[in-house]
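What follows is a short report on a single structure.
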Amino acid sequence: MLSSFRRFIHSKFGAVFALLFLGVIAAAFILGDITSGNFGSSAGGGATVAKAGGSRLTLTAFQERVQRVFENARRANPELQITEFLGQGAAREIYDQLVAAMTLKEYAQDQGVHISKRLVDAQIAQIPAFQDAAGNFSQDNFRQLLQRERITEQALRDDISREILERQMLAPAGLGAKLSDSLVLPYASLLLEARQGTIAAIPAMAFDDIKDPTEAQLNDFYKSNAARFTIPEQRRIRYAVIDGQRFAQAAQPTEQEIAATYNQDKASYAAKDSRSFEQLILPTEAGAKAIAAQVKAGKSLAAAAQGAGLAVSTLSDQTRQALASASSAAVADAGFSAKQGDLVGPIRAPLGWLLLRVTGVKTVPARPLTAVKQEIAATLRDQKEKRLLTEFTGKIEDEIADGGSFDEVVKDNGLKLETTPFLLATGKQVEDQAYQAAADVQPLLAPVFQMSQDDDAQLIPITPDKRYALAAPAEIRAAAPPPLAKVKDLVVLQYKLAQGNEKAKALAEQIRAKVAKGMKLADAVSSAGVRLPAPQVVGGRRADMLRDGQRPPAEVMILFSMATNSVKTMPIGQDRGYFVVQLNGIKRGDAGDQPELVNQVRSQLGDVVGQEYAQQFVRAVEKELKVERSPTAVADVQRALASTNNGAQ
């Protein structure tokens, strides 16, 4: 179980599933990654695929959850295909987690465990998506976001309650998992183990006797490999830009407004006198007078202080008010009455007897209205532009909320409607790789690709407080393979690669068999009858290969799962051929004299063991509650989603 868990958490979807385990919706909000859909739905329609006590998981709810996780993963990787996603075991993992959440909820009810509204409120208040610019919970943001994403407050609260419940019930199960040295040392020693092997590549392109396919062969190949050629979802985006510059004339401040602002802030334009000081505070007046006498005799204040075992501090660019606030009005008056270089004091101060030496005097003359008029005008113009833009965008949002169509709102407000060509979520075009989406379009891609065809248009910031766009999908082209005629050359190439891959597989097996009987790998490759690259010697320590989160090539990592002198074959991937891998030798590691490494591994294994305890607890609860699972649930959802996401919708 531990090995399978470790393999899974290092897969590309491991992070997504780790979030799901503690509550999909709450985790998604916390990360600021909010998806659309019917959040929190655990009932829904459709056949029941799992049952625990009075709760049931429906096929519809299960399918919707897998679809949402796939969409989240595809936002991070727009090229991700549903077949690749499901091939990683995504549906099975999500199913197990949904059943676990339902099971724990029923168990908690049986045990009288209750999550209070106050606890849920506290969790909601900590979600960044619901906070204002100052980091405080905003009721307006909360309501607007729930409305925009079509999430009911109760659905959100239910999901957060489940997340808190699972955390409270499962976290204690993994606490206190202390692993002994005898258990940890072998794992730590594995990191120090070094292996060396030889790898031979048999590329699919090495076979030049593969003929072009017939039309029938090409059609059959294309149909059976449709997912390989599927183009991700494409969308045409319609948008209308709203720029703050449209209010430039209306935002021009009047002479009266400029004068009023100047008079209101007159103190900031008045003459300013600031000074820098060296400061020394002593506990007694006598001590302060002794230091002052040394300074008057020619010593610097710093040198006199050092002779007494003390050190001066510096005060830079102090105004009279700032100095008075830090010490007293008397100190400020004395300091600002002295000339540069003068020593002031001793003066009684809150912390003792103070000596000040003036090290710098800076006077900034007053600035009349004529000198700051342009500065004030620019500030007022910017403020008025923002206010007018905010009012205008608010009006646009109100019109949309009141049922106004995209075209009506654009026309009624004098906006310019623009429409992009079909784009991928990356902003690229399928048929024009050189195409670059306009700067105004780039910020619209992610929000518009999250919208459905019948969603209301959204106001999306391009440059906050300066430039916005009202945007919506104009047309959605579902993910689907293109007509064969458009990609015929590519399909022919892939067909030949697939044929070459089969030949490479057969040849790799022949070479493996020869090496297993004692022939050198290099000799077996040279006698293959096909021109192949020379075998390469590779190897190293496991810890070095995995340093800083690196993931070495699979053909190298397989060395660490082979027996000495054994030989294996493995696919290169994507029909590119096969590897023949021979393990030449193993140098065992011993972490017995590396306690730091042992403790590091102990900590990592402790987390894994804690997760294992939590999973075993859930299984025990499932057994206790006699949870019923549908044996075909995962297969049913995989078939449905593969069809839906490949253009059948």
Side-chain angles (χ1 to χ4, degrees), residues 28 33-39 60 63-86 147-151 226-241 400-401 403-410 415-433 435-438 440-460 462 468-484 486-487 637 639-649:
D33 181 16
I34 305 175
T35 61
S36 61
N38 298 318
F39 285 84
T60 302
Q63 182 173 328
E64 287 176 352
R65 186 58 61 95
V66 179
Q67 178 70 33
R68 286 200 296 270
V69 177
F70 168 61
E71 289 171 356
N72 279 337
R74 196 165 58 176
R75 289 190 191 100
N77 176 18
E79 304 302 321
L80 178 65
Q81 297 298 312
I82 189 67
T83 50
E84 182 185 3
F85 178 75
L86 296 175
Q147 182 179 8
R148 189 185 76 194
E149 300 297 333
R150 304 188 307 280
I151 310 167
R228 179 183 300 185
F229 303 101
T230 293
I231 297 173
E233 182 184 273
Q234 303 171 73
R235 297 190 174 201
R236 292 174 65 230
I237 300 173
R238 55 178 180 169
Y239 65 99
V241 173
I400 292 291
S405 70
F406 187 102
D407 294 326
E408 290 171 344
V409 172
V410 168
L415 302 177
K416 180 184 178 183
L417 176 61
E418 300 186 65
T419 305
T420 70
F422 274 106
L423 301 177
L424 298 170
T426 58
K428 296 290 186 181
Q429 266 194 294
V430 172
E431 297 180 3
D432 182 5
Q433 294 299 311
Y435 175 86
Q436 293 289 334
D440 283 345
V441 173
Q442 290 290 347
L444 312 182
L445 292 168
V448 173
F449 268 80
Q450 293 179 36
M451 299 168 67
S452 63
Q453 184 74 71
D454 57 352
D455 277 349
D456 290 337
Q458 289 185 16
L459 205 60
I460 301 169
I462 296 173
Y468 292 81
L470 185 67
E475 190 176 350
I476 298 176
R477 185 178 288 171
L484 175 57
K486 281 195 170 185
V487 290
V637 164
R639 278 194 302 271
L641 290 178
S643 174
T644 298
N645 289 276
N646 281 328
Q649 56 188 6

Requested in this report: With sequence neighbours excluded, tell me which residues meet side chain to side chain contact (heavy atoms under 4.5 Å, CB included) with Ala457.
Outcome: Ile400, Phe406, Leu470, Ala472

Report task. Please examine the side chains of Thr420 and Tyr239, heavy atoms only from C-beta on, and report whether any two atoms are closer than 4.5 Å. Result -> yes

Query raised in the report: Passes side-chain contact (heavy atoms from CB on, under 4.5 Å), Arg238 versus Asp407? Steps please.
Result: CA-CA 10 Å; Arg238 55 178 180 169; Asp407 294 326; 3.4 Å; yes

Query raised in the report: Should we count CD of Gln453 as having more than 12 external heavy atoms under 6.0 Å?
Result: yes

Query raised in the report: Which pair of heavy atoms, one from Gly427 and one from Ala437, lies closest together, and at what distance?
Result: O-CB, 3.8 Å

Query raised in the report: In Å and rounded to the nearest 0.5 Å, what is the CD to CG distance from Gln63 to Leu641?
Result: 4.5 Å

Report task. Take Phe85 and Val69, measure what side-chain contact (heavy atoms from CB on, under 4.5 Å) needs, and give me the verdict at the end. Result -> CA-CA 10 Å; Phe85 178 75; Val69 177; 3.8 Å; yes

Report summary line: Here the pair of heavy atoms bringing Lys428 nearest to Gln433 is NZ-O, 4.2 Å

Report summary line: Residues at least two apart in sequence or cross-chain that pass side chain to side chain contact (heavy atoms under 4.5 Å, CB included) with Glu475, listed by chain then number, are Arg236, Phe422

Requested in this report: For Tyr435, check ring pair (Phe, Tyr, Trp, His ring centres under 6.0 Å) against everything at least two apart and list the hits.
Outcome: none

Query raised in the report: Run the side-chain contact (heavy atoms from CB on, under 4.5 Å) check on Val448 and Ile460 step by step: do they pass?
Result: CA-CA 9 Å; Val448 173; Ile460 301 169; 4.1 Å; yes

Query raised in the report: Which atom pair, heavy atoms only, marks the closest approach of Ile476 to Ser452?
Result: CD1-C, 4.4 Å

Query - Atom of Ala471, atom of Met451 and distance for their closest heavy-atom approach - result: O-CE, 3.9 Å

Query raised in the report: So, for Val487 and Pro482, which heavy atoms are closest and what is the spacing to 0.1 Å?
Result: CG1-CG, 3.7 Å

Query raised in the report: For the atom pair CG (Asp440) and CD1 (Ile237), what is the distance rounded to the nearest 0.5 Å?
Result: 11.5 Å

Report summary line: When rounded to the nearest 0.5 Å, the distance separating CG of Leu445 from CG of Leu424 is 10.0 Å

Query raised in the report: How long is the gap from OG1 on Thr60 to CZ on Arg65, to the nearest 0.5 Å?
Result: 13.5 Å

**Report entry** Pair Leu423-Gln429, side-chain contact (heavy atoms from CB on, under 4.5 Å): steps then yes or no
**Finding:** CA-CA 5 Å; Leu423 301 177; Gln429 266 194 294; 3.8 Å; yes

**Report entry** Exercise: identify the closest heavy-atom pair between Ala227 and Thr83
**Finding:** CB-CG2, 3.7 Å

